[in-house]
Amino acid sequence: MSIDPCRRYAAIGGPDSTHAVAMPSDHGRARDLKAAWVRFWCSTAIGGCGTELTARVSGDRIPHFAHRSGVRCTGLGDPRSHALAWEHLVMQHALQRWLESLGYDVELERKVVGGRVDVHVSTGVGEHVLEVQRSPLSVHRRVSRTELYSVDARTVSWLWDSPRRDGEADLQLRSDGIAFTTRLDEAGVVQVGTLWRVHDPADPAKSWDVGYDDLDTCDLDQHGLRTSHRTFALQATRIFLEEQQERDAQEAQRRAQERAQQQDARRQRQEAEAREAQRKRDREQQELENVRARLAAVRDGDGSPHSRPPAEWMPPSPVARRPTQPPPDKVVAPHTLAIARMQRPLGEWTPPGGWVGLDELPERLHESAKHLTLWVRERFGASGLDDLQWDDVPDPEREQVAWLLRRGYILLNAKGNRWLRA
Ligand SMILES: [Zn+2]
């Protein structure tokens, strides 16, 4: 169990002193501290009440400071900020003792234009600033204050509170490649932490590691605060950044491959869809062709696709063809001149050019030939040769067929067994 931070600190030298100490948790060290300073105060410099404190180092209790009985401290406000104020004082003085032990000139809370610096150091070859920052500070303010302090100092070293993810130390480590923290150990001794960047696949949230040094192992040089971990930390961060570049490149490559695979899969899918659509169109086209063929067969003949007129029936010169109709059903309507007279009387009808050449035929075939002419001109376009005579008008010599051919009303096929209207 840790003790209340407000009971851990005290000022030495007087009620308004800024020289603060921390009570060690170890009883032996605590007795040494008590023997060394004897009197302790609740410092008004950080808002305390200014009364004298008692150092309690006895029994089984953790050593601590306490107000005297009956004293009601008026200065303790928010415990956390009060503790931070005490820590700040303790660290400032720890830094002062350390730097003076190195033979440097130290000035605390030195005023500069636009502010004050915590610790200003002259080493004889250069001037440095150490900023102990325990409370939150934005990156923007850190940068602007660094610029301000750099006016009369060669280096500015920030000493942050314990590191945390995206905290001040973490952010400075990422931007500057180095960052420092401070802590008070159980003995009340100030240590400096040096941060470096790490990549831990097992713990992706971990972005830094830290090594601690006692102040008396540290120094200042042209780069500012030098800890025994600093060289190692800079190298570790440089290696981290190189490996990070590699990791980024590998990640970019992996994503590019993933994208390429996705594009490939999409293209294959589109091609498959296009092939399927083409197959569907082909099937529909084939079905359409089949229907057209069946329709043509029905229109041109007896319903069989093989009954189309042979090619030799095509007339030698362009002749307007009227739609072909099927021959009459002889069972229903016998092919007789008597029926033809009733169904389609000749009346005044004549073919183009009139009945020229009719007297080439015997008288008995004149009316019959006229009806056959009407029959082929107006009613039928093609049929068997037997249709070119009437059952009730004998024409054993086929004189009427010869006459129709001569007059140019019909054509015959090669076999001479079927006719076509000319
Ligand atoms: Zn007090």
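Everything numeric in this text was worked out from a predicted model, so none of it was measured. When a residue number appears, it is its place in the shown sequence, counting from 1.
- With a 6.0 Å cutoff to the six-membered ring centre and a 45° limit on the axis angle, R247 counts as a cation-pi contact of F240.
- Here the CG-NE2 distance, from L84 to H88, works out to 10.0 Å after rounding to the nearest 0.5 Å.
- The ring pair (Phe, Tyr, Trp, His ring centres under 6.0 Å) search around Y212 returns none, not counting sequence neighbours.
- Between F65 and Y9, a ring centre-to-centre spacing not shorter than 6.0 Å is recorded.
- Heavy-atom neighbours of R279 CZ from other residues, nucleotides or ligands within 6.0 Å: above the threshold of 12.
- Here R165 pairs with D170, R174, S207, W208 under the side chain to side chain contact (heavy atoms under 4.5 Å, CB included) rule; sequence neighbours left out.
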Are T146 and W158 close enough, and set up right, to give a side-chain hydrogen bond (donor to acceptor under 3.5 Å, both in side chains), and what steps lead you there?
CA-CA 9 Å; T146 299; W158 292 87; 2.9 Å; yes
Take Q250 and E246 through the test side-chain hydrogen bond (donor to acceptor under 3.5 Å, both in side chains) and record every step on the way to the result.
CA-CA 6 Å; Q250 285 171 357; E246 267 178 50; 4.7 Å; no
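- Of all heavy-atom pairs between F40 and E52, the closest is O-CG, 3.1 Å.
- Annotation for W86 and A10: closest pair CZ3-C, 3.4 Å, computed over non-hydrogen atoms.
- Checking D213 against S228 by side-chain atom types alone, a donor-acceptor pair falls below 3.5 Å.
- Contact annotation: the side chain of W160 never approaches that of T182 to less than 4.5 Å [non-hydrogen atoms, C-beta and beyond].
- Remark: Q245 CD is loosely packed, at most 12 non-hydrogen atoms of other residues, nucleotides or ligands lying under 6.0 Å away.
- For the atom pair CH2 of W355 and CG of L346, the computed distance is 6.0 Å after rounding to the nearest 0.5 Å.
- Between the side chain of S43 and the backbone N or O of A45, at least one donor-acceptor pair lies under 3.5 Å.
- For D176, the salt bridge (Lys or Arg N to Asp or Glu O under 4.0 Å) criterion is met by R142, not counting sequence neighbours.
- Ring-plane geometry between H93 and H19 is classed as parallel, the angle between the planes falling under 30 degrees on a 0 to 90 degree scale with a further cut at 60.
- Applying the side-chain contact (heavy atoms from CB on, under 4.5 Å) test between I178 and each of T227, L195, T237, L234 identifies L234 as the sole match.
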Please step through salt bridge (charged side-chain N to carboxylate O under 4.0 Å, His left out) for the pair R254 and E258, ending with a clear verdict.
CA-CA 6 Å; R254 191 190 63 74; E258 203 175 81; 3.0 Å; yes
